[in-house]
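Only a predicted model underlies this, so the values are computations on that prediction, with no experimental measurement involved. Chain A is the first sequence line, chain B the second, and so forth, proteins listed ahead of strands; every chain is numbered from 1.
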Amino acid sequence: DAGVTQSPTHLIKTRGQQVTLRCSPKSGHDTVSWYQQALGQGPQFIFQYYEEEERQRGNFPDRFSGHQFPNYSSELNVNALLLGDSALYLCASSYFTDTQYFGPGTRLTVL
Amino acid sequence: AQKITQTQPGMFVQEKEAVTLDCTYDTSDQSYGLFWYKQPSSGEMIFLIYQGSYDEQNATEGRYSLNFQKARKSANLVISASQLGDSAMYFCAMREGRGNTPLVFGKGTRLSVIA
């Protein structure tokens with residue numbers, strides 16, 4: 001039974017560029033949440049997708065957007081990258097209100 | 001106010017000894033859940049243990065137990081018989097209310113197990 005997978009593992013971009021991160025949930029899970037973890041901090045909630053709709057959103061600007069596909073996989077898009085967007089981006093999946101299980105993360109570096 | 005407070009930035013423990021990682025939380029909800037996750041240097045957050053606010057018994061999962069003191073709003077993680085592989089960051093997190101609400105994390109505690 002595959003766990004949560006994320007791609008790519010690492011990514012280097014320059015300021016102003018756009019990036020897309022991908023997440024496949026654990027088998028049987030229908031909800032995907034995205035978190036940003038800056039160096040030395042705990043993860044911060046970005047948004048959550050369920051039934052292909054954004055259900056909840058944290059305190060992140062509109063530059064951060066997402067999508068959920070019919071197979072429950074999800075993408076996180078960040079436009080107009082800033083240096084401060086450099087972080088580990090974690091995807092978590094869950095079945096309805098059950099425990100969230102995390103993927104290995106995508107480490108984004110913005111130069 | 002911080003929702004989750006972890007006051008120990010770093011902890012050291014001897015192999016085979018037990019260690020307690022502190023976590024206090026702040027919520028006005030009657031229904032909430034408390035979680036502990038382990039994050040090795042690879043970055044993946046590994047779920048360890050869960051305690052619901054209405055659970056009367058402290059949660060246990062193998063070598064992990066959660067010392068839940070509701071009146072004091074604390075949810076400390078106890079790791080028994082520490083192993084070298086337990087060296088990692090440990091995060092306490094809370095989910096408030098009912099439904100699939102987002103997790104709010106503390107700043108974490110770095111645990112180092114010494115041989």
Trainee: Give, as side chain, backbone, both or neither, the part of Q48(A) having an atom under 4.5 angstrom from any heavy atom of chain B.
Mentor: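 When you check distances to chain B, only side chain atoms of Q48(A) fall under 4.5 Å.
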
Trainee: Determine the option with the most heavy-atom pairs under 4.5 angstrom with chain A, choosing from P9(B), G43(B), P102(B), C92(B).
Mentor: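 Highest number of pairs under 4.5 Å: P102(B).
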
Trainee: If you draw a 6.0 Å radius around OH in Y50(B), do more than 12 non-hydrogen atoms from other residues or ligands fall strictly inside?
Mentor: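 Yes - once you tally the heavy atoms of other residues, nucleotides and ligands closer than 6.0 Å, there are more than 12.
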
Trainee: Can you find a pair of side-chain heavy atoms, one from F105(B) and one from I4(B), that are under 4.5 Å apart?
Mentor: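 Side-chain contact under 4.5 Å: no.
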
Trainee: Which atoms of F47(A) come close to chain B, meaning under 4.5 Å heavy atom to heavy atom: side chain ones, backbone ones, both, or neither?
Mentor: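 When you check distances to chain B, no heavy atom of F47(A) falls under 4.5 Å.
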
Trainee: Is there a side-chain contact between E61(B) and L48(B) in this structure, where contact means two heavy atoms from C-beta onward sitting under 4.5 Å apart?
Mentor: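 Contact flag for E61(B)/L48(B) side chains = no.
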
Trainee: Could you check whether Y37(B) and F102(A) have their ring centres less than 6.0 Å apart?
Mentor: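 Yes, they do, as the ring centres are separated by less than 6.0 Å.
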
Trainee: Does the distance from a Lys or Arg side-chain N to an Asp or Glu carboxylate O, for K13(A) and D85(A), drop under 4.0 Å?
Mentor: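 Result for this pair is no, no salt bridge flagged.
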
Trainee: For Q39(B), is it the side chain, the backbone, both or neither that has a heavy atom under 4.5 Å from a heavy atom of chain A?
Mentor: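 Contact with chain A: side chain only.
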
Trainee: Side chain from CB out, backbone as N, CA, C, O: work out which of these in Q6(A) comes under 4.5 Å of a heavy atom of chain B, or both, or neither.
Mentor: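 No part of it gets close to chain B.
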
Trainee: Check whether any side-chain heavy atom of T9(A) sits under 4.5 Å from a side-chain heavy atom of R107(A), and report yes or no.
Mentor: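 No, their side chains stay 4.5 Å or more apart.
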
Trainee: Below 4.5 Å from any heavy atom of chain A, which atoms of R95(B) appear? Answer side chain, backbone, both or neither.
Mentor: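 The side chain, not the backbone.
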
Trainee: Pick one of side chain, backbone, both or neither for Q41(A), based on which atoms fall under 4.5 Å of a heavy atom in chain B.
Mentor: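 Contact with chain B is through both the backbone and side chain of Q41(A).
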
Trainee: At a heavy-atom separation under 4.5 Å, does S94(A) approach chain B through its side chain, its backbone, both, or neither?
Mentor: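 Just the side chain, heavy atoms under 4.5 Å.
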
